[in-house]
Protein chains: 2
Amino acid sequence: MDAPPIPPSQIQDVRRFNRLVTRRAGALEDSYLARGRPLGAARLLFEIGGAGADLRELRARLGLDSAYLSRLLRTLERQGLVTLETPPGDARRRRALLTPEGLAERAVYDALSDRLAGSMLTPLDERQRARLLAAMGEVERLIRAACVTVALEPADGPDAQACLLAYYRDLDARFEGGFDVAQANPLPEADIRPPRGAFAVARLDGVAVGCGALKRAAPEIGEIKRMWTAPQARGLGIARRLLRLLEATARAGGCTRVRLDTNRALPEAQAFYRAENYRPAAPFNRDPYADFWFEKDL
Amino acid sequence: MDAPPIPPSQIQDVRRFNRLVTRRAGALEDSYLARGRPLGAARLLFEIGGAGADLRELRARLGLDSAYLSRLLRTLERQGLVTLETPPGDARRRRALLTPEGLAERAVYDALSDRLAGSMLTPLDERQRARLLAAMGEVERLIRAACVTVALEPADGPDAQACLLAYYRDLDARFEGGFDVAQANPLPEADIRPPRGAFAVARLDGVAVGCGALKRAAPEIGEIKRMWTAPQARGLGIARRLLRLLEATARAGGCTRVRLDTNRALPEAQAFYRAENYRPAAPFNRDPYADFWFEKDL
DNA sequence: TGAAATGCCTGACTAAGGTCCGGAAATGGA
DNA sequence: TCCATTTCCGGACCTTAGTCAGGCATTTCA
């Protein structure tokens, strides 16, 4: 669906890159271990943080077994680096807090991390540094983009609903006279549920960061609605992937054409649809928020 | 010497980048372990390679204890993946070779690595892939650049001599009528050795990839000679760092000015010296290979 | 008010990774 | 020829990381 197969040379490039970066980062583990404490305990000091943390939270963040966490905390407690307290309310729970010594130890690890990161920058001049940071940012964005999954989901799920609410809020902020979903053409949930329609959600690390809906406007015409990408996830090609999934769904359902409308306050949306080979179309509805209409043959 | 201190936000950027990339690459270890063999054994299969390897070499490359390596090899031998043979000449040594089964197993690990690398590319469209690969290349180059060390060394060391030979060969290939060091103005080794001069070598992962020399032309005038960067290490700012080290050495030795000459066949060298604030100067020698002369106040 | 669920802890156990020491065979130099 | 050195091998031992079963106190729910 997305692109042709990947040439082996590119695979090799990625593997070489991974090797280099992990080798550099491996130096960090060595410097951590040089403090005479196993890695798990060091990471735990870090995760407890200045404000302390519930054990439940620590287990989730570090992916630790309850028994193992308990033992690690016991050794840190013996070393005088953490204290455990029972938070008010539920006497079954425990909360880990760093002692002043624990905070100092954590600061040492922090400084080690800083030093390693700095050692990747210090030998470079300012132009090289700027280039390195820019390239790192690019790699990071694109790796995150590659982590995004796009799939059809029920529109009444909690994440789907959260996306739709965020979408309405976004429109309300951007449209001249605000946006009220009650004023717009109604879109019953049954219209965007199979077999009549579909709803797609994009997720990054499990959290929903985009959505889009498809409804059947006529026997062979699909209509795209509710296309939204979370602000922090823009520029990762999420809208494109959502749109293509919905188009593929429409095609599989027998549609030969899809259409959509958009508002004048969203110029980037128009540019996006044009880039996806949509062409301007005659107005096909009377939605008060529709200013432009597009369509595309599948 | 190289640049002002690094803002904390940039340090944080680098740390975030390292975290993300190592987390992604950590997935590889999981997929390796899923084959039911400890990581050490898998790595060993890789390092032995198709051609086999001496145990001594394996220990050095993997940083393993002799006993531990011996045990790992024994388990791989029992699984029928490697054979050990005594190479002719020294019957104390052993050489590890992969059996056909071992080669097949190694190919499986190779495919797993390929698949992980591919999974960073497949969700992206072609433009994003190109951007990711370009950014990875940039990060890689600059990280390597940051690994380069530049230091004063004796000019008669083996690596220094190798640099000089490579430099002469380079010139011989690029100059119109070739280059013969015997025809050039002589540069006795004593002139580029403290206290009268200096010799600098740049190293990347231990191997020499660049050099430069400083001699005393007059009580307060230094002269830069033999500036060279290995072809595979160009574009990393190595010449700049060598030059600045030699300039600093000259300044510390009481020089108020440095000068140098260069050949018309090396236009990038002229651009480089101009960028480093050298200005054209009157000819100060009659070297047959000198076409342009530069100088700079320290 | 009792039963089930929750949250943490302890003890027993396992696997991986690795160190230390000594032995055996082969080699090389005096 | 003798002796020190090199190279590999094996046994004993250790730490880290992690699992599993069960226990106890507390909380929640019917």
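All values reported here derive from a predicted model rather than from experimental measurement. Labels below follow one simple rule: chain letters A, B, ... track the order of the sequence lines, proteins then strands, and each chain is numbered from 1.
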Could you tell me the separation between the CG atom of B/Leu62 and the P atom of C/dA16, rounded to a whole number of Å?
17 Å
Evaluate side chain to side chain donor-acceptor pair (under 3.5 Å) for A/Arg24 paired with A/Ser119, printing each intermediate quantity in order.
CA-CA 10 Å; A/Arg24 284 290 289 175; A/Ser119 76; 3.2 Å; yes
Heavy atoms only, 4.0 Å cut-off, all strands: where does A/Leu69 land among base, sugar-phosphate and nothing?
nothing
Nucleotide D/dT7, atom C1' - distance to CG of B/Leu58 in whole Å:
14 Å
When we call it a touch if two heavy atoms are under 4.0 Å apart, what does B/Arg95 touch: a base, just sugar-phosphate, or nothing?
nothing
Report the distance from atom CG of A/Leu73 to atom P of C/dT10, rounded to the nearest whole Å.
11 Å
So ring-ring contact (aromatic ring centres under 6.0 Å, His included) across residues 61-108 of chain B, not counting sequence neighbours, yields none
Does a nitrogen or oxygen in the side chain of B/Arg74 sit under 4.0 Å from OP1 or OP2 of D/dG10?
yes
Between A/Asp13 and A/Arg16, does a side-chain contact (heavy atoms from CB on, under 4.5 Å) hold up when you go through it step by step?
CA-CA 5 Å; A/Asp13 288 346; A/Arg16 206 183 48 243; 3.5 Å; yes
B/Arg59 CZ - D/dT7 P separation (whole Å):
8 Å
Does D/dC8 have OP1 or OP2 sitting under 4.0 Å from an N or O in the side chain of B/Arg92?
no
Under 4.0 Å between a side-chain N or O of A/Arg56 and OP1 or OP2 of C/dG7?
yes
Measure from the side chain of B/Ser70, starting at C-beta and using heavy atoms only, and say which of C/dC9, D/dC9, C/dT27 lies closest.
D/dC9
How close or far is atom P of D/dT5 from atom CG of B/Asp90, stated in whole angstroms?
17 Å
Which of these nucleotides, D/dT26, C/dC8, C/dT27, is closest to any side-chain atom of A/Ser66?
C/dC8
Measuring from atom CD of A/Gln161 to atom CZ of A/Phe199, what distance do you get when rounded to the nearest 0.5 angstrom?
7.5 Å
Measure CZ/B/Arg93 against P/D/dC9 and give the value in whole Å, please.
13 Å
If you count heavy atoms of other groups shown closer than 6.0 angstrom to CZ of B/Arg74, is the number above 12?
yes
Is it the case that atom CZ in B/Arg144 sees more than 12 heavy atoms from other parts of the structure closer than 6.0 Å?
no
How long is the line joining CD of A/Glu29 and P of C/dG17, in whole Å?
14 Å
Quiz: residues 39-50 of chain B side-chain donor-acceptor pairs under 3.5 angstrom, not counting sequence neighbours:
{"from": "B/Glu47", "atom 1": "OE1", "to": "B/Arg61", "atom 2": "NE", "distance (Å)": "2.4"}
{"from": "B/Glu47", "atom 1": "OE1", "to": "B/Arg61", "atom 2": "NH2", "distance (Å)": "3.2"}

Under 3.5 Å, N/O pairs linking protein and nucleotides 13-20 of chain D:
{"from": "D/dA17", "atom 1": "OP1", "to": "A/Leu39", "atom 2": "N", "distance (Å)": "3.4"}
{"from": "D/dA17", "atom 1": "OP1", "to": "A/Gly40", "atom 2": "N", "distance (Å)": "3.4"}
{"from": "D/dA17", "atom 1": "O5'", "to": "A/Tyr68", "atom 2": "OH", "distance (Å)": "3.3"}
{"from": "D/dT19", "atom 1": "O4", "to": "A/Arg71", "atom 2": "NH2", "distance (Å)": "2.9"}

Whole-Å distance, A/Glu85 CD to C/dC9 P, equals 13 Å
